[in-house]
2 protein chains.
Amino acid sequence: MNLKQLSEKLGLSQTTISRALNGYPEVNEATRQRVVDAAERFNYRPNSRAKGLATGRALAIGHVIPIKTRHEMVNPIFGDFIAGAGETYAANGYEMVITMTEDSKEAEVYRSLKSRGAVDGVVVHGPTLNDPRIALLHRVGLPFVVHGRSSQVTQDYDWLDVNNRRAFERATRFLLDLGHRRIGLINGLETQEFAARRRAGYEAMLTQAGIAIDPALMRSDEMTEANGHRGAAEMLDGPDPPTAIVASSLISAIGVRRALEERQLKMGRDVSVLTYDDMLSYLRNGTDVPIFTAVRSSVREAGRRLAEILIRRIADPHGPPEHVMLEAELVVGQSTGPAPRWPAGQA
Amino acid sequence: MNLKQLSEKLGLSQTTISRALNGYPEVNEATRQRVVDAAERFNYRPNSRAKGLATGRALAIGHVIPIKTRHEMVNPIFGDFIAGAGETYAANGYEMVITMTEDSKEAEVYRSLKSRGAVDGVVVHGPTLNDPRIALLHRVGLPFVVHGRSSQVTQDYDWLDVNNRRAFERATRFLLDLGHRRIGLINGLETQEFAARRRAGYEAMLTQAGIAIDPALMRSDEMTEANGHRGAAEMLDGPDPPTAIVASSLISAIGVRRALEERQLKMGRDVSVLTYDDMLSYLRNGTDVPIFTAVRSSVREAGRRLAEILIRRIADPHGPPEHVMLEAELVVGQSTGPAPRWPAGQA
DNA sequence: GCGGCCATCCAAAGCGCTTTGAAACGATTC
DNA sequence: GAATCGTTTCAAAGCGCTTTGGATGGCCGC
């Protein structure tokens with residue numbers, strides 16, 4: 001069923017049908033009702049492509065996911081993020097278009113999306129320091145919002161980010177307050193902006209407390225269980241092991257826990273663990289009482305809100321840039337406790 | 001830059017440009033080269049919706065993700081699956097369109113995708129027993145492939161599935177061969193077809209070995225770390241605890257491991273654990289040597305192959321249905337060992 | 001009774017592409 | 001030299017919608 005057929009069936013012009021369905025005022029309320037009913041009855045919905053052609057809008061938003069050619073890693077937070085964004089899109093009549101691509105071809109993908117008119121805007125995921133995509137998208141003229149931030153970028157742009165620096169300041173502060181002096185950091189890849197900020201927060205608090213930064217207690221790697229385990233294992237087996245570890249994700253923290261348990265160390269007593277928690281739906285940090293003490297912020301909520309910003313930006317491409325900073329919340333679980341008098345293994 | 005502008009710039013008709021770019025034979029090779037070069041130079045790409053309108057094809061494939069209104073759970077394997085499917089789509093010029101929806105509105109979403117002509121076909125995720133979506137999609141006339149199977153559906157349809165039953169037969173058999181007699185099952189939600197099949201495989205092997213099915217050793221729930229932990233904890237604290245546990249996902253297995261460690265039980269010695277492993281990129285089962293003994297099959301590979309089937313189906317809507325059964329592979333890790341003489345806690 | 005003004009509806013143009021049917025032209029054949 | 005043919009190109013229709021610029025008719029005030 002298309003517009004023409006429906007119009008013939010109703011004895012009305014296509015114009016009137018279109019207007020009735022799109023809520024324009026110049027159509028009699030009785031007529032509108034008749035049209036709406038008929039559309040419902042005949043299961044009529046305007047063809048997306050035809051509508052897009054006529055209006056010049058795609059009513060779609062793109063997410064370009066770089067699949068790292070080396071790691072072949074799909075970011076685990078991705079699922080929850082787009083679930084959040086998807087809610088907002090659905091509520092606003094937008095479609096979500098996802099493109100997986102080798103990171104080397106990412107620029108080409110953006111150009112293509114723009115010149116083919118496939119989407120009205122895009123979300124930039126996982127910005128690095130001085131991320132080249134931002135300048136590219138500005139140049140190409142494709143509206144976008146960044147999930148995170150990229151420093152050293154000169155132009156202003158829309159972004160939504162968690163205050164990662166402050167989150168890790170708090171986390172480190174919390175452990176310092178418990179008397180810990182040797183605190184390890186199992187971070188994400190520090191080429192990613194968020195990880196760099198987390199490290200900055202960690203270092204700032206140590207420095208403020210007069211504690212020297214020790215590279216032996218810092219790891220920067222893809223946030224997997226295996227890497228969390230390896231990093232913690234190396235630290236714990238080192239000459240001067242930490243009494244506390246800050247991890248950048250719940251998955252890494254699970255690896256850390258495994259390293260502790262292998263060494264018969266009790267988490268929260270012998271070694272404290274504090275993690276960042278994205279609040280993923282399938283990886284809850286305990287049910288009622290949290291397992292890990294954590295700084296947390298819902299990535300799903302971030303998706304929802306970022307999508308709202310992007311939709312506004314598409315409606316008004318030249319308005320002033322929006323910046324949203326989310327603060328992570330500290331929740332105390334069972335994985336932290338006062339620093340032991342003697343570090344683990346030396347008691 | 002659109003077709004018309006490009007054609008004027010080249011002094012050729014739009015017809016010729018279109019044909020040259022789409023590889024039709026009736027255009028002089030020299031002319032084609034000239035056109036291709038110009039398109040490249042002016043960064044011209046045909047508008048997606050105009051092309052779609054003219055051809056009647058969307059060049060897009062839909063994935064409808066039901067967000068369970070109660071659980072609000074995003075399936076963790078989803079990310080890797082669409083990464084695989086995305087590779088195939090990209091290679092074939094298809095776009096991936098994702099719609100998140102409450103499960104109650106899922107039927108409406110399919111109808112809408114079809115009548116708006118938004119996609120050429122869809123992937124059905126997570127089929128339940130006698131899944132209503134299959135009949136619906138047949139009725140609506142939207143090409144689809146099911147990831148998994150749904151029994152009790154009368155019509156034939158395309159599917160790609162792992163042989164879940166055999167995988168769990170093997171897993172159970174392996175533990176039986178090690179001398180285990182009390183084997184627990186931490187399964188996914190058995191309203192999902194795959195989980196039901198896994199249970200059937202588990203039960204079949206126990207029965208074959210002359211062991212009575214004990215409901216006290218079986219759990220069926222969303223596959224989260226917390227549920228894995230709770231299920232294992234209950235079994236282990238029960239009157240007649242298992243010496244081995246089969247888990248339905250690596251995430252559940254991690255919860256099981258936590259329950260063991262809380263009880264000072266050594267995995268692989270006191271209690272054996274065998275898990276199903278979807279081989280998610282961010283949740284590897286160890287690096288070189290697997291941590292968990294597992295039956296495994298790559299969900300990413302499944303995504304790739306399923307997408308190929310769907311693309312063939314779209315090209316030939318009335319061809320014979322394709323069925324692909326993937327066999328899971330058994331890999332031996334450190335989490336299994338011979339059954340202890342006395343069950344844990346009773347030594 | 002007439003011009004003017006709403007309210008309501010419509011015909012047709014246009015969005016950017018593909019594709020049909022035909023034209024133009026040189027080469028080949030009889 | 002006319003008829004035929006193959007190659008290459010083009011004009012125009014059509015995909016299904018939105019939107020512009022009227023048309024129509026009823027109603028008001030004068």
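Heavy-atom basis, side chains included; hydrogens, waters and symmetry copies ignored. The chains referred to below are lettered A, B, ... by the order of the sequence lines, with proteins before strands, and numbering in each begins at 1.
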message: Would the distance check show the side chain of S150(B) and the main-chain N or O of N130(B) forming a donor-acceptor pair, the cut-off being under 3.5 Å?
response: yes

task: Please report how far the helix from dG1(C)-dC30(D) to dC30(C)-dG1(D) bends, comparing the axis fitted to its first five pairs with the axis fitted to its last five, to the nearest 10 degrees.
output: 60°

field: Neighbour count above 12 (heavy atom, 6.0 Å) for E40(A) CD
entry: no

field: Heavy atoms from other residues, nucleotides or ligands near CZ of R32(B) exceed 12 (cutoff 6.0 Å)
entry: yes

Residue R111(A) excluded, over 12 heavy atoms near CZ under 6.0 Å: no

message: Measuring from atom CZ of F81(B) to atom NE2 of H63(B), what distance do you get when rounded to the nearest 0.5 angstrom?
response: 6.0 Å

query: Going through the checks in order, is the salt bridge (charged side-chain N to carboxylate O under 4.0 Å, His left out) test met by R304(B) and E301(B)?
result: CA-CA 5 Å; R304(B) 265 191 287 265; E301(B) 175 65 16; 2.9 Å; yes

Protein-nucleotide distance (K4(B), atom NZ; dC10(D), atom C1'), rounded to Å: 15 Å

Protein N or O to nucleotides 24-28 of chain D N or O, pairs below 3.5 Å:
none

Value rounded to 0.5 Å, distance of CG in L12(A) from CD in Q14(A): 11.0 Å

message: Please compare R19(A) and M1(A) by the position of their nearest nucleotide in DNA chain D and report the one closer to 5'.
response: M1(A)

message: Classify the ring geometry of H125(B) against F78(B): parallel below 30°, tilted from 30° to 60°, perpendicular beyond 60°.
response: perpendicular

query: Which two nucleotides bound the region of DNA chain C that has atoms under 4.0 Å from heavy atoms of chain A, read 5' to 3'?
result: dT8(C) to dG16(C)

query: Counting only heavy atoms not in R57(B), do more than 12 fall under 6.0 Å of its CZ?
result: no

message: As an exercise, state the distance from CZ of R49(A) to CG of N47(B), rounded to the nearest 0.5 Å.
response: 10.5 Å

message: Need one value for R49(B): base, sugar-phosphate or nothing, where a base atom within 4.0 Å counts as base even if backbone is also close, heavy atoms only.
response: nothing

- request: Within residues 8-17 of chain B, find the residues that approach DNA chain D with a heavy atom at under 4.0 Å, and present them sorted by residue number.
  value: G11(B), L12(B), S13(B), T15(B), T16(B)

statement: Note: contacts of residues 20-39 of chain A with DNA chain C (heavy atom, under 4.0 Å) are E26(A), V27(A), N28(A), T31(A)

query: Of the non-hydrogen atoms in L310(A) and V122(A), which two are nearest, and what is the gap between them?
result: CD2-O, 3.6 Å

message: Tell me whether R116(B) at atom CZ has more than 12 heavy atoms from other residues, nucleotides or ligands lying less than 6.0 Å away.
response: yes

Under 3.5 Å, sequence neighbours excluded: what are the donor-acceptor pairs made by side chains of residues 311-320 of chain A?
| from | atom 1 | to | atom 2 | distance (Å) |
| --- | --- | --- | --- | --- |
| R312(A) | NE | E322(A) | OE2 | 2.7 |
| R312(A) | NH2 | E322(A) | OE1 | 2.9 |
| R313(A) | NE | D158(A) | OD2 | 2.6 |
| R313(A) | NH1 | D316(A) | O | 2.7 |
| R313(A) | NH2 | D158(A) | OD1 | 3.0 |
| R313(A) | NH2 | D158(A) | OD2 | 3.3 |
| R313(A) | NH2 | P320(A) | O | 3.0 |
| D316(A) | OD1 | H318(A) | N | 3.4 |
| D316(A) | OD1 | G319(A) | N | 3.3 |

query: Pick one: which of F144(B), Y110(B), Y157(B) meets ring pair (Phe, Tyr, Trp, His ring centres under 6.0 Å) with H138(B)?
result: F144(B)

message: Quick one, R45(B) with E108(A), criterion salt bridge (charged side-chain N to carboxylate O under 4.0 Å, His left out). Give me CA distance, side-chain angles, the key distance, then yes/no.
response: CA-CA 12 Å; R45(B) 288 184 201 72; E108(A) 167 60 15; 3.2 Å; yes

message: Once you apply a heavy-atom cut-off of 4.0 Å, does T55(A) come out as touching a base, just sugar-phosphate, or nothing?
response: sugar-phosphate

